[in-house]
Number of protein chains: 2
Amino acid sequence: MDDRDRTILTLLQKDAQTPLAQISEAVSLSPSACSRRIQRLEEEGYIARRVAVLDRRLVKLPTTVFVLVRTSRHSGEWLEHFRKAVTAIPEIVEVHRLTGNVDYILKMVLPDVEHYDIVYKRLIGRLELFEMSAYISMETLKAGTEVPTSYA
Amino acid sequence: MDDRDRTILTLLQKDAQTPLAQISEAVSLSPSACSRRIQRLEEEGYIARRVAVLDRRLVKLPTTVFVLVRTSRHSGEWLEHFRKAVTAIPEIVEVHRLTGNVDYILKMVLPDVEHYDIVYKRLIGRLELFEMSAYISMETLKAGTEVPTSYA
DNA sequence: TGTGAAACTATTCCGTT
DNA sequence: AACGGAATAGTTTCACA
């Protein structure tokens with residue numbers, strides 16, 4: 001993992017289909033050498049996958065809600081049950097187990113704020129006993145899939 | 001936007017470089033027709049961009065921290081100042097302005113928990129007056145870039 | 001690693017429904 | 001207006017130095 005690899009990762013994070021010609025220019029290497037490096041970065045797993053990012057407004061999912069969850073149930077079984085429940089609900093796009101007084105954070109992507117109630121009911125229908133506080137995003141100041149490569 | 005378009009979007013969200021042959025099979029259409037549809041979905045903006053997703057552990061950024069921010073400053077100027085500050089810090093990957101008693105939520109991607117202090121200091125060095133509560137992710141139960149296409 | 005040839009995709013054109 | 005098939009163009013990969 002050298003500076004060239006990091007530059008390649010930075011470029012591909014911005015645009016996954018950057019032509020080899022452009023990459024090779026950026027790192028002062030031939031297209032074939034770049035191709036081999038990218039292949040290596042994929043095989044070794046640095047590049048997990050390449051995905052299309054959709055326009056949230058156009059696909060009618062403009063609303064983002066974060067939900068902080070507290071529970072009194074802390075068994076491994078409950079956690080697995082919870083994991084299955086959130087995995088099965090497509091509007092829930094991200095879930096983390098946290099330290100501190102909040103147990104979980106959920107990120108939901110919804111057509112509108114009213115739709116939150118549907119997901120809420122689906123969740124409490126499957127899982128017993130917990131408290132949820134919803135925070136509706138009024139404005140996205142920063143978003144993206146890119147992470148700094150300097151640490152790699 | 002018909003069922004075929006939605007299927008195409010679903011496939012490309014999972015793998016942005018799904019071969020046309022495979023897509024055309026999935027939607028029972030010729031490769032050329034699929035090519036045109038994808039082109040249209042890009043031109044009309046449904047597909048915002050295609051990006052490479054990196055393995056967070058391998059690029060040495062395994063730690064996720066959510067930060068809830070409260071502030072007493074609520075001017076438009078302060079907001080712009082805040083936006084510039086978080087935009088300039090690459091470890092901060094997502095920022096939303098919220099409703100309710102919490103003003104902002106930040107998502108940070110870090111090499112380790114200790115690194116949080118560095119970002120914390122960088123933030124409070126640029127912005128006056130606010131309160132931050134950090135919640136460290138112990139486990140990611142669900143993550144991804146995919147959103148449901150049924151609403152589109 | 002770089003160069004050039006080959007293979008593979010994807011795209012465009014055109015005739016058709 | 002949209003599709004399928006054939007020709008074209010572009011990109012990636014391979015063989016070899």
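So that the names make sense, note that chain A is the first sequence line, chain B the second, and so on, each numbered from 1.
- When the P atom of D/dT11 is taken as reference, atom CZ of A/Arg36 falls 19 Å away, rounded to whole Å.
- A side-chain donor-acceptor contact under 3.5 Å links B/Lys142 to the backbone of A/Val86.
- Of the side-chain N and O atoms in B/Ser35, none sit less than 4.0 angstrom from OP1 or OP2 of C/dA10.
- A donor-acceptor contact under 3.5 Å links the side chain of B/Ser32 to the base of D/dG4.
- B/Gln17 places its CD atom 17 Å from the P atom of C/dC8, with the value rounded to the nearest Å.
- Taking atom CZ on A/Arg40 and atom C1' on D/dT13, their separation rounds to 17 Å, with Å as the unit.
- The CD-P distance, from B/Gln22 to C/dA10, rounds to 10 Å in whole Å.
- Nucleotide C/dT9 holds its P atom 15 Å from the CZ atom of A/Arg50, rounded to whole Å.
- At whole-Å resolution of the value, CD1 in A/Ile23 and P in C/dG2 are 14 Å apart.
- With respect to the salt-bridge test (charged N to carboxylate O, under 4.0 angstrom), the residues B/Asp5 and B/Arg40 qualify.
- B/His96 and A/Phe66 have their aromatic ring centers within a separation under 6.0 angstrom.
- Across C/dA10, D/dT13, C/dT12, the shortest atom-to-atom separation from the side chain of B/Leu20 is found for C/dA10.
- The B/Gln39 side chain lies nearest to C/dT12 when the options are D/dT13, C/dT1, C/dT12.
- Note: CZ (B/Arg37) to P (D/dA1) measures 15 Å, nearest angstrom.
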Kindly indicate, with the supporting measurements, whether the criterion ring-ring contact (aromatic ring centres under 6.0 Å, His included) is fulfilled by B/His115 and B/Tyr120. CA-CA 9 Å; B/His115 196 94; B/Tyr120 172 79; over 10 Å; no
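- For B/Leu29, taking side-chain heavy atoms from C-beta onward, the closest of the listed nucleotides C/dG2, D/dT13, D/dG4 is D/dG4.
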